[in-house]
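All values derive from a computational prediction rather than experimental measurement. Below, read A as the first sequence line, B as the second, and so on, with proteins coming before strands; counting in each chain starts at 1.
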Amino acid sequence: MKYNPSLIEKKWQKKWSELEAFKAQINYKKPKYYVLEMFPYPSGAIHMGHVRNYTLGDLIARYKKAQGFNVLHPMGWDAFGLPAENAAIENKTHPSTWTYSNIESMRIQLKQMGLSYDWERELTTCDPSYYKFEQKMFLDFYKAGIAYKKETLVNWDPIEQTVLANEQVVDGRGWRSGAEVEKKKMKGWFLKISNFADDLLNEIDNLKDWPDKVKIMQKNWIGKSYGANIKFSIKNSSDKLEVFTTRPDTIFGATFIAISPQHPLAKKIAEKDPKASNFINFCEGQSSKEIDVEKAEKHGYETNLYVYHPFNKRISLKIFIANFILMDYGTGAIFGCPAHDQRDYDFAIKYSLKIIPVIKTNEDLPFIGDGTHINSEFLNGLNTADAIKLSIEKLSNLNIGNEKVTYRIRDWGVSRQRYWGCPIPIIFCDKCGELPVPEEQLPISLPSDVDFNKKGNPLDYHPSWKHTKCPKCNKNATRETDTFDTFFESSWYFARFTDLNPSTAFTTEALKYWMPVDQYIGGVEHAVMHLLYSRFFMRALKHVNSLDITEPFTSLQTQGMVCHQTYKTETEQWLFPSEVMKKNNNYYHIDTQEPVIAGRTEKMSKSKKNVVDPQQIIETFGADTARFFMLSDSPPNRDMEWSDSGVEGSWRFLNKVWKFVTHLPKNINKVELPNNLSENNKELLRIMNTSINEVTKAIDEFHFNIAVASVRSLYNSISSYQISNEDDSAVVFYVTKNLLILMNPMVPHLAEELWQILGNENIIANESWPQAEKSYIEINNVKIPVQVNGKVRAVIEVPKDTNKQDLEEIALNEKNVLKFLNHNPKKVIIIPNRIVNFVI
RNA sequence: GCGAGCGUGGCGGAAUGGUAGACGCACUGGACUUAAAAUCCAGAGUCCGAUAAGGACGUGGGGGUUCAAGUCCCCCCGCUCGUACCA
């Protein structure tokens, strides 16, 4: 009987489903474990990134089940978003039709992988039964002052008459129309994440099982900084200009003032100064992406306004309007101290402004570090910390400034001017103004009869959808036509999985039992936004008494990307790996035989065609091989390279295991170990118990590649074991059973089938995880390297815990050690069971 | 630009500050076969040496701490992720 994955995989998938093997139990007394992988956008087909993500989660889910936990392992669809609208325009299919048919095919693919999901808990975010709850959440936020409306600048495509996402702007032009993108002021809805900034920041330190890199990125994103606000008096005016600075100590180095083009003062200046107005228009036409703002050449407009230096009225500083000052940060105005800030320095050089050093240094300017203050009147002689403290004290004594904490994080703009998203439940009435939709009218569903051939937002030009009655005065009114950012849906789906109750978003008991998610797994690209929004959302929902959770994810693991070599023809056309063949270390096109250039290994992407279709792999080798390779190749949090030969290696290994187990003598099915174990028996049991420890530890530490290596080693030991009597057979049988249990989370179909072939009646999915027995693992002898000056010159084998004296003596009997010890050692370092090092 | 991460044989990777290269891929030799594939056995970081014993070098580059550094510290280079309307 040959290993036939397509046969056995279908068989066991059916069996698991019949037995409801992975259904989360409603037994709130049992210890629980909630495993979750970031749910996918239903793009149409699963890709290798999904296969990796979901294999990692499935391994954990099956492992925790074996350890006796009541496991919740659900799956759903992040189903709103731009691609559905793009497909609607390109293929003339309705976003809903397109999305739901994609979900159908992807669900089939996920099932083919044998993932242990509780499919009864599947959810789809574009379904009104899901999004109706978030309309209620929004209304709660609105009433609690967490949601508000304000003006922002958006990318406007004048030809398409639509707002463009940042990714739809290519080199300043609309991706479809090619028109130069304009900036348009628009009102949109925001959530006050800034109100929670301190708590979001402080609690990061309590996220013990999150990767440090993610925690650091979130801290930096929130960007809490301590400094001062300083009110400058404007010359010949009663107006004040307030600036924020983290370095009030450098105030005597100030040589200019710069304000954002969006600053109210800039607008006031522009009213009387057409050149200023032109400059502001120019700045607003520039990209507002952070990366573009930072990289753009610095431009300033020199106004004819001055402010007085706060501590010396004889000094006045000119006000510039500058493109690199962000209105969203601080007060939208800064004082420039070129000697001690790189950007101010660049600006000062460009506009020939004075540079006054106020910190003593021998280094080149700008000097950013700490030091003794000079040219700074009352701050002279102080270091940075003391100077900051004293300058703030003086400012507040004079009533022209105060200590100030500022955050980099901006409020979350949740409005999108698109059709395929959750409608925002607000009504505008000419008489009564802006009003929340009464709760009994929820959900506000999307209309299905929309036309994507017209320009603009389908919800806006739909003939009837937006027209409604004012809930207060019953006169004609209109609906909000903006829909939510799709991060809205993904900010609470994990809590929804705990109970899909149709009438309420959450049920307290289920939430209390299942939340928080014990293990969350997804791409590192979500390190900040999705994860921070989710953390914020729980706090916001708690604030409006919807639930009582602060942190949604106890442990987080971020997976690396799946990469593959790239191939190009000599005419620079990308090729799929399936179009390329290798012959004598050269690459050729499989059909045309033309030479192919093999490029570097990069993240799999459709544009470079370096993708391998999981469907193909599953059909050729089976899901278990795909899973096994995914786990074996690289540690989960690093990038991995998909290679055909690696897959074949995994396939070969699974075949070996299959052949070995199916060829075990039929009569060896013994449950008990023999009473008198031979040395060989003991050695095999030692290896097995060591493997149990290794695999367990590796899984707990998320080093699944090591777990795989350990399983392979164990197999190598079993398969090379010489069976010479019945006792040997019994031991081999016993060890093989344990091997299968260890392999089950990795290759569940194969494990089930072989388990059954060994004569077991229960499924292996219900077996308990083995515990290593210490008595087998203990060893008598250890090998210790002997070094001379840190270089290994011999290895000695000695009884465990041999004392220092004996170790030195034994080491000094080694010929090769003596060869390098031409005189008495200056120092001898001996750590029992570890090392002997002679220093000469 | 800013923030974060990563860099170890031909390749993927392993290594509580204590024998660098576990486990695998590719490769080489052998067995089996008319032959090939598959399978099994063996070898293998590079260089010197005899294919041995043994030695030198070796974890992106440079410097440092230490009896001992892939691991800790400083500087540099390269690649990747994020950068707020892609998900």
Extract all donor-acceptor atom pairs below 3.5 Å that involve side chains of residues 700-715 of chain A and protein atoms in other chains or at least two apart in sequence.
| residue | atom | partner | partner atom | Å |
| --- | --- | --- | --- | --- |
| D700(A) | OD1 | Y63(A) | OH | 2.8 |
| D700(A) | OD2 | Y63(A) | OH | 3.4 |
| S710(A) | OG | E694(A) | OE1 | 2.7 |
| S713(A) | OG | A709(A) | O | 3.3 |
| Y715(A) | OH | K656(A) | O | 3.3 |

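- Each of W77(A), W492(A), F484(A), F488(A) was scored for a ring-ring contact (aromatic ring centres under 6.0 Å, His included) with Y130(A), with one residue passing: W492(A).
- The closest side-chain donor-acceptor pair between S225(A) and Y329(A) falls under 3.5 angstrom.
- Counting to the nearest Å, the P atom of rC11(B) and the CG atom of D644(A) are 18 Å from each other.
- Checked by atom type, the side-chain pair N53(A)/E37(A) shows no donor-acceptor distance below 3.5 Å.
- Remark: the separation of the P atoms in rA56(B) and rG1(B) is 44 Å, to the nearest Å.
- Taking 4.5 Å as the limit, some side-chain heavy atom of I796(A) sits within range of a side-chain heavy atom of L807(A).
- Per the geometry, CD1 belonging to I706(A) stands 13 Å off C1' belonging to rG12(B), to the nearest Å.
- D633(A) and W642(A) share no donor-acceptor pair across their side chains, judged by distance under 3.5 Å alone.
- Side-chain N/O atoms of Q559(A) and R638(A) include no donor and acceptor closer than 3.5 Å.
- In this structure, the CD1 atom of I368(A) is 16 Å from the P atom of rG1(B), given to the nearest Å.
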Atom pairs under 3.5 Å: protein N/O with N/O of nucleotides 62-71 of chain B:
| residue | atom | partner | partner atom | Å |
| --- | --- | --- | --- | --- |
| rC67(B) | O2' | N837(A) | ND2 | 3.4 |
| rC67(B) | O2 | N837(A) | ND2 | 2.8 |

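- Distance R712(A) CZ to rA14(B) C1': 14 Å, rounded to the nearest Å.
- Nucleotide rA14(B) holds its P atom 14 Å from the CD atom of E694(A), rounded to whole Å.
- Side-chain contact check for T162(A) and D157(A): no donor-acceptor pair (N or O, by modelled atom type) lies under 3.5 Å.
- Contacts of P635(A) with the nucleic acid, taken as non-hydrogen atoms under 4.0 Å apart, involve only primed sugar atoms and P, OP1 or OP2.
- As a whole-Å value, the separation of K656(A) NZ from rC23(B) C1' is 11 Å.
- With both ends at atom P, the span from rA31(B) to rC6(B) equals 48 Å, rounded to whole Å.
- rA68(B) sits 15 Å from rU19(B) when the P atoms are compared, rounded to a whole Å.
- Atom-to-atom, CG of L631(A) to P of rG13(B) comes out at 15 Å; the value is rounded to the nearest Å.
- Nucleic acid contact class of K783(A) (heavy atoms, under 4.0 Å, all strands): base.
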Please enumerate all protein N or O atoms sitting under 3.5 Å from an N or O of nucleotides 46-54 of chain B, with distances to 0.1 Å.
| residue | atom | partner | partner atom | Å |
| --- | --- | --- | --- | --- |
| rG54(B) | O2' | K819(A) | NZ | 3.2 |

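- Here the side chain of S260(A) pairs a donor or acceptor atom with the backbone of Q262(A) at under 3.5 angstrom.
- Comparing the C1' positions of rA15(B) and rG54(B) gives an interatomic distance of 26 Å, to the nearest angstrom.
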| remark: Each base of RNA chain B marked ( ) or [ ] if paired in-strand (Watson-Crick or G-U under 3.5 Å), | if paired to another strand and . if unpaired gives (((((((..(((.....[....))).(((((.......))))).((((.....))))..(((((..]....))))))))))))....

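- Here R652(A) reaches the OP1 or OP2 of rA26(B): one of its side-chain N or O atoms lies under 4.0 Å away.
- Between W189(A) and Y148(A), the distance separating the two ring centers is not shorter than 6.0 angstrom.
- The salt bridge (Lys or Arg N to Asp or Glu O under 4.0 Å) search around K298(A) returns none, not counting sequence neighbours.
- The distance from atom CH2 of W651(A) to atom C1' of rA37(B) is 15 Å, rounded to the nearest whole Å.
- rG9(B) takes the syn form, because its glycosidic angle lies no more than 90° either side of 0.
- A distance of about 22 Å separates the P atoms of rA22(B) and rC72(B), rounded to the whole Å.
- Checking rG3(B), rC23(B), rG1(B) against every side-chain atom of N220(A), the shortest atom distance belongs to rG3(B).
- F80(A) and Y131(A) have tilted rings, their planes meeting at an angle from 30° to 60° on a 0 to 90° scale.
- rU71(B) and rG18(B) are spaced 11 Å apart, taking the P atom of each and rounding to whole Å.
- Within the nucleic acid shown, S713(A) comes within 4.0 Å of sugar-phosphate atoms alone, with no base atom in reach, counting heavy atoms only.
- Under a cutoff of 6.0 Å and an axis angle of 45°, K659(A) and Y3(A) do not form a cation-pi pair.
- Taking the C1' atoms as reference points, rG24(B) lies 37 Å from rC74(B), given to the whole Å.
- The pair K149(A)-E480(A) meets the salt-bridge criterion, with a side-chain N (NZ, NE, NH1 or NH2) lying under 4.0 Å from an Asp/Glu carboxylate O.
- The gap from the P atom of rA84(B) to that of rG78(B) amounts to 24 Å, rounded to the nearest Å.
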| task | Tell me, with the steps shown, if K289(A) and E294(A) meet salt bridge (charged side-chain N to carboxylate O under 4.0 Å, His left out). | result | CA-CA 9 Å; K289(A) 281 191 219 177; E294(A) 293 289 330; over 6 Å; no

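- Side-chain contact of N86(A) with E90(A): a donor-acceptor pair under 3.5 Å is absent, judged by distance alone.
- Both P785(A) and E294(A) lie close to RNA chain B; mapped to their nearest nucleotides by heavy-atom distance, the more 5′-ward contact belongs to E294(A).
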| remark: In B/S/- notation (B base, S sugar-phosphate only, - none; protein heavy atoms under 4.0 Å), nucleotides 77-87 of chain B written 5' to 3' is --SSSSBBBBB

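- Phosphate proximity of rC57(B) to K791(A): present, with a side-chain N or O under 4.0 Å from OP1 or OP2.
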